[in-house]
Amino acid sequence: GENVEQHPSTLSVQEGDSAVIKCTYSDSASNYFPWYKQELGKRPQLIIDIRSNVGEKKDQRIAVTLNKTAKHFSLHITETQPEDSAVYFCAASNNTGFQKLVFGTGTRLLVSP
Amino acid sequence: NAGVMQNPRHLVRRRGQEARLRCSPMKGHSHVYWYRQLPEEGLKFMVYLQKENIIDESGMPKERFSAEFPKEGPSILRIQQVVRGDSAAYFCASSLGQGNQPQHFGDGTRLSIL
């Protein structure tokens with residue numbers, strides 16, 4: 001089955017810096033890669049997703065890149081703000097009809113003012 | 001348009017009791033997923049249901065756990081004879097279900113076993 005690895009487990013940056021979180025997946029059949037942000041005690045919130053037919057997607061300060069050959073995808077946050085502090089999870093799934101998400105272990109991002 | 005609704009938000013049970021967790025999907029969504037999250041860990045898939053059907057229960061423990069999504073009413077995750085190891089946050093997500101549609105999560109039920 002699919003296995004998703006995520007790095008780093010913690011990331012501390014200064015406000016205004018960029019943050020990059022990387023994930024690798026094992027199943028070449030995976031074709032959908034969402035990213036979720038989870039604040040303490042709250043629900044995972046979908047912030048961006050990418051499908052395997054594109055290599056990059058951007059939404060304001062957030063971008064995701066996908067390298068299908070290497071089987072890895074990354075989240076890029078530019079001009080970080082303290083409210084970006086949270087745990088970020090990557091996930092992967094494939095469209096076989098069983099659309100379960102396999103999650104990475106999470107990255108705790110701390111943005112210091 | 002209400003999001004995914006889960007209740008209760010917090011549930012305390014003693015060992016051996018039953019826990020029932022409820023999930024109402026977003027309006028228009030007919031696909032429901034249950035995930036479990038242990039403290040400081042990621043989310044682990046448990047079960048995927050459509051109305052009146054279990055599609056994938058590969059993440060569900062074989063014993064004590066069951067799930068349903070009846071024609072009318074919310075999806076129910078049921079844990080019988082709870083043990084301390086069942087303490088976790090249980091999240092429900094829903095999607096439109098056609099192709100890899102985004103899954104939107106509820107606020108979760110935090111289950112504590114005394």
Side-chain angles (χ1 to χ4, degrees), chain A residues 1-10 21 23-25 27 29-54 57 59 64 66 73 75 86-108, chain B residues 2-10 21 23-26 29-50 53-60 67 88-112:
Chain A
E2 175 65 282
N3 182 51
V4 177
E5 296 190 355
Q6 183 172 347
H7 301 282
S9 57
T10 58
I21 302 170
C23 289
T24 60
Y25 61 99
D27 187 352
S30 289
N31 57 5
Y32 175 64
F33 307 92
W35 286 87
Y36 287 84
K37 174 184 179 182
Q38 188 177 30
E39 296 176 38
L40 188 63
K42 296 195 175 179
R43 69 175 72 186
Q45 191 174 13
L46 180 66
I47 56 172
I48 197 167
D49 57 11
I50 191 168
R51 301 175 193 281
S52 60
N53 57 345
V54 300
K57 184 177 178 181
D59 182 4
V64 58
L66 171 65
F73 56 112
L75 178 71
V87 179
Y88 291 81
F89 291 97
C90 63
S93 76
N94 69 68
N95 185 21
T96 63
F98 302 147
Q99 297 167 124
K100 66 182 181 186
L101 293 173
V102 178
F103 283 85
T105 49
T107 296
R108 185 176 301 277
Chain B
V4 178
M5 303 299 292
Q6 288 189 249
N7 68 82
R9 290 292 310 277
H10 301 274
L21 289 61
C23 169
S24 295
M26 285 180 69
H29 286 191
S30 58
H31 295 241
V32 165
Y33 313 80
W34 286 92
Y35 294 85
R36 177 163 62 178
Q37 185 176 37
L38 295 171
E40 304 297 318
E41 292 189 13
L43 296 99
K44 303 290 187 188
F45 169 79
M46 297 182 74
V47 62
Y48 163 34
L49 310 102
Q50 296 177 24
N53 285 302
I54 296 174
I55 307 301
D56 180 1
E57 55 181 351
S58 59
M60 285 269 275
Y90 291 83
F91 287 95
C92 169
S94 74
S95 75
L96 286 172
Q98 295 178 1
N100 276 316
Q101 292 296 320
Q103 294 184 22
H104 297 276
F105 283 80
D107 286 330
T109 293
R110 278 144 188 87
L111 176 63
S112 297

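Values below: all heavy atoms of this structure, side chains included; hydrogens, waters and symmetry mates excluded. Numbers restart at 1 for each chain; the letters A, B, ... are given by sequence-line order, proteins then strands.
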Checking heavy atoms, do the side chain of B/V47, its backbone, both or neither come under 4.5 Å from chain A?
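Answer is neither: B/V47 stays 4.5 Å or more from chain A.
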Answer with side chain, backbone, both or neither: which region of B/Q37 has an atom nearer than 4.5 Å to a non-hydrogen atom of chain A?
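Looking at B/Q37, just its side chain touches chain A.
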Any idea how A/F103 and B/F105 line up, ring-wise: parallel (<30°), tilted (30 to 60°), or perpendicular (>60°)?
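Perpendicular: the ring planes of A/F103 and B/F105 meet at over 60°.
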Determine the interplanar angle of the A/F33 and A/F73 rings, folded into 0 to 90°, and report it as parallel if under 30°, tilted if 30 to 60°, perpendicular if over 60°.
tilted
pair B/S95-B/H31: side-chain heavy atoms closer than 4.5 Å
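When only atoms from C-beta onward are counted, B/H31 and B/S95 do touch, with a gap below 4.5 Å.
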Which one of B/F45, B/F91, B/Y33 has the most heavy-atom pairs closer than 4.5 Å to chain A?
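Between B/F45, B/F91, B/Y33, the count favours B/F45.
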Enclosure of B/M5 CE (heavy-atom neighbours >12, cutoff 6.0 Å)
no
Toward chain B, the part of A/P44 with a non-hydrogen atom under 4.5 Å
both
Is A/Q6 in contact with chain B via its backbone, its side chain, both, or neither, using a 4.5 Å heavy-atom distance?
neither
Side chains of B/Y48 and B/Q103: donor-acceptor distance under 3.5 Å anywhere?
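No, no side-chain donor-acceptor pair sits under 3.5 Å.
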Residue from A/L46, A/V87, A/D49, A/L101 scoring the most non-hydrogen pairs under 4.5 Å with chain B is A/L101
